[in-house]
Amino acid sequence: MTVKTMQTEAVQNLLLKAAGLDKADGNPRLKQIMHRFLSDIYQMIEDLDITPEEFWKGACYINELGSNNESVLIAPGLGFDHYLDIRADAKDKLEGLDGGTPRTIEGPLYVEGAPLSVGEAKMVDGKTPGQGMLLHGKVVDEEGNPIAGAVVDIWHADSKGGYSYFDPSQSAFNLRRRIETDENGNYTARSIVPSGYGCPPGGSTIKVLEGLGRHGNRPAHIHYFVSKASYKHLTTQINLSGDKYTYDDFAFATKDELVIDARPIADKTLIKENGFEDNYFDVEFNICLVKTDKSAAQDMHPRERASQ
Ligand code: FE
């Protein structure tokens, strides 16, 4: 039998006091969010008859999650990043800002301030092993006109699934570059094919996912920020086709329009022309930006990000 206490004066007063709503001081927005948050949790405890043992297990789990720096990892795993994207898409539609290349989640591994070059860049430091990848494309507007001077900020994992900065074995900004599109709107990066990766084994995120009967793997993917004044900022990523997890990403980032083939190139002339020593993969990702005069839409949303 579940006891019902939520609607009693004692519990409703407790919620008001716990959220500081009986005090003049403090931040009104925080009070509003906290009151709703606590009300929903209390209600869940009542509805699901959460035991003290389950409650304290959850509280200790939050401690562990934070000490492992995994709150930004479990967030996409539980669909929060994708849910925020769904809301942003709906807001864009309402404001007439939909269209162009679809957005998808940023993930937690961006580092600000990657080297900037015009037209092309070599992303790999020469010490990182991997199969060569020519990553290129054109940035255009909705009428198909090339956009020169757009900044294409690209970051991806190495062939073991590790990211520079977070993986101390890699050099600074390895596999991270910003490329300004040339006068024809083109960008070209010489890099290596990234590998997918999983949540850290034995970590806090995988523990929960396994409890839910889920895995914690991502397919091979490449992250993008694309920006240019007078255009809506784009946060997106491409998933390489043919990966076991292309359509089964634990972070829910896959979109059909963002699944791209990596075409194997064995032509000796092309290999030489494009500066590779051996067979490589060609990955073409063309990007369409949406025009806007709303300055907030031209910037990426503020969030704590690593910088170097
Ligand atoms: Fe990633």
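Whatever order the structure lists ligands and atoms in, that order sets their numbers, starting from 1.
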Could you tell me whether any N, O or S atom belonging to H156 is less than 2.8 Å from the Fe ion (ligand 1)? no
Students often mix this up, so state it plainly: with edges at 30° and 60°, are the rings of Y163 and Y197 parallel, tilted or perpendicular? perpendicular
Of all the heavy-atom pairs spanning I105 and H223, show the shortest one and how long it is. O-ND1, 4.4 Å
Between G99 and K232, what is the shortest heavy-atom contact and its length? O-NZ, 4.4 Å
Nearest to the Fe ion (ligand 1), which N, O or S atom of H223 do we find? NE2
Would you say S204 and N68 are linked by a side-chain donor-acceptor pair, where the criterion is simply a distance under 3.5 Å? yes
ang(OH Y163, the Fe ion (ligand 1), OH Y197) rounded to 10° is 110°
